[in-house]
Protein chains: 2
Amino acid sequence: MPSPSKRDQIVDVALDLFYQGGFNATGVDKIALEAGVTKKTLYAHFKSKDELILAVLRRRDEIFRNQFMRNVERLGKNPRQRLEAIFDTLDEWFNGKKFCGCMFINASAEFSDQGNPCHLVCAEHKRLMQEYFRDLAEKAGAQDPDSLSEELMFLAEGATVQAHVCGDKRAGQKAKRMARLFIDSAINLAGA
Amino acid sequence: MPSPSKRDQIVDVALDLFYQGGFNATGVDKIALEAGVTKKTLYAHFKSKDELILAVLRRRDEIFRNQFMRNVERLGKNPRQRLEAIFDTLDEWFNGKKFCGCMFINASAEFSDQGNPCHLVCAEHKRLMQEYFRDLAEKAGAQDPDSLSEELMFLAEGATVQAHVCGDKRAGQKAKRMARLFIDSAINLAGA
DNA sequence: ACCATAGTATACAGACTAGTATACTATGAA
DNA sequence: TTCATAGTATACTAGTCTGTATACTATGGT
């Protein structure tokens, strides 16, 4: 059986290269070379480049959401604060060195067809992010957690695009100010 | 001198193919073939594929903003209504047959480097869109047109991403409801 | 009528693409 | 010790990529 550690090694390197260089523009030769592995080994773990891309997207989803949730919990002490901390977390991400936009938005751009397996993984990632927002909204006592989480999702996506396309480093804080309006009204309404 | 009509022909076809298939994944052979033109003619008009991509993005900006503004004016009778009509216009776009997301977000995904000429054209397009929003906001009597246009931009981007990645066909109307909050408060405040 | 030129058709160069084949090595378990 | 296997190294196939070269044709201005 091919070793799981080699597999992880390949996925990790592929993740970086795909994120920075794009999916179609990054070749498997380069991935194998940078991962310190031969192409034969790569193809022993993944039967095609498409499968590797899928594995990369699934891993990115796992890593990204874990780190996102950890940072939200670090930056917000209670559920109410954590709803705002979503945007402080985004802010840190946007201002990090290796920010190249959202990998799932980028992948959806290259695999535009809605039925493409890669596109489906992207949609699923967004669904899971929104589900997390919904949990926070519910715990914070929002009147309509579904609506609030959807609203915060729109703002998060908008901020991410502005940060990447226009290089707006303050997009996170701008979205936070907008988000407060929705958070306050959703929670004050519930308390009344 | 190479004929302008042939040039337009090539750009038009390239625009469709790049939009639906992506930039790196679409070859110049296919573009030349579909445009009913030989590669030699294509390279008489554009000295490289990169230049063709730039020409396509500039043309897309021109066409998109013209059509966008026409539709906003059709769907809103006065500046105040037109601010909301931004999102009805998006709604129509999202529900059109050939919707594949925002071409400039897609291009920024493939040409991630902020210094890339293509990326710069994308940023410029976003700036011009926001400028248009600002004009509407000012004419509608908004207290702070800069802030309002920025807020509407975030919502428009968020809606576009949700519509493309998640296939949410109602993203336009959802963003419209959110936008009303900002529009109302910006204009009522000004009237007070 | 002449001639530059904008085009066609086709072939080519050279590099890169995904993916496979062959031969060898090192390692760990029975 | 033996033997399967996970790996390396390297070469290859067959196709596609951008971009160029050669030869021919049609057209419009002088």
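Letters A, B, ... are given to chains in the order of the sequence lines, protein chains preceding strands, and every chain is numbered from 1.
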Undergrad: Will you find, in the side chains of B:Asp88 and B:Gln173, an N or O donor that is under 3.5 Å from an N or O acceptor?
TA: yes
Undergrad: To the nearest Å, give me how far apart OH (B:Tyr43) and C1' (C:dG7) are.
TA: 18 Å
Undergrad: Give the nucleotide from the list D:dT20, D:dT8, C:dG7 with an atom nearest to the side chain of B:Lys6.
TA: C:dG7
Undergrad: Hey, are B:Asp168 and B:Gln162 close enough side-chain-wise for a donor-acceptor pair under 3.5 Å?
TA: no
Undergrad: Nearest whole Å is fine: how far is C:dA21 C1' from A:Leu42 CG?
TA: 16 Å
Undergrad: Ring centres of B:Phe23 and B:Phe111 under 6.0 Å apart?
TA: yes
Undergrad: How many Å lie between CD1 on A:Ile53 and P on C:dG19, as a whole number?
TA: 9 Å
Undergrad: Is the A:Trp93-A:Phe87 ring centre distance short of 6.0 angstrom?
TA: no
Undergrad: I need the residues from residues 30-41 of chain B with at least one non-hydrogen atom less than 4.0 Å from DNA chain C; give them sorted by number, or say none.
TA: B:Gly36, B:Val37, B:Thr38, B:Lys40, B:Thr41
Undergrad: For DNA chain C, what residues of residues 21-29 of chain B have any heavy atom nearer than 4.0 Å?
TA: none
Undergrad: Parallel, tilted or perpendicular, judged at 30° and 60°: which one describes the rings of A:Phe94 and A:Phe99?
TA: tilted
Undergrad: Just how far, in rounded Å, is C1' of C:dG7 from NE2 of B:His45?
TA: 9 Å
Undergrad: How long is the line joining CZ of A:Phe18 and C1' of C:dA18, in whole Å?
TA: 12 Å
Undergrad: What is the ring orientation for A:Phe68 with A:Phe133, classed by angle as parallel under 30°, tilted 30 to 60°, or perpendicular over 60°?
TA: tilted
Undergrad: May I ask you to decide whether A:Lys176 forms a salt bridge with A:Asp91, counting only side-chain N to carboxylate O separations under 4.0 Å?
TA: no
Undergrad: Could you check whether any side-chain heavy atom of B:Asp184 comes within less than 4.5 Å of a side-chain heavy atom of B:Arg80, counting everything from C-beta outward?
TA: yes
Undergrad: Rounding to a whole Å, what distance do you find between A:Phe46:CZ and C:dT20:C1'?
TA: 18 Å
Undergrad: Find out whether the Lys NZ or Arg CZ of A:Arg60 is both under 6.0 angstrom from the six-membered ring centre of A:Tyr19 and within 45° of the ring's axis.
TA: yes
Undergrad: Output the rounded distance in Å from NZ (A:Lys49) to C1' (C:dT20).
TA: 17 Å
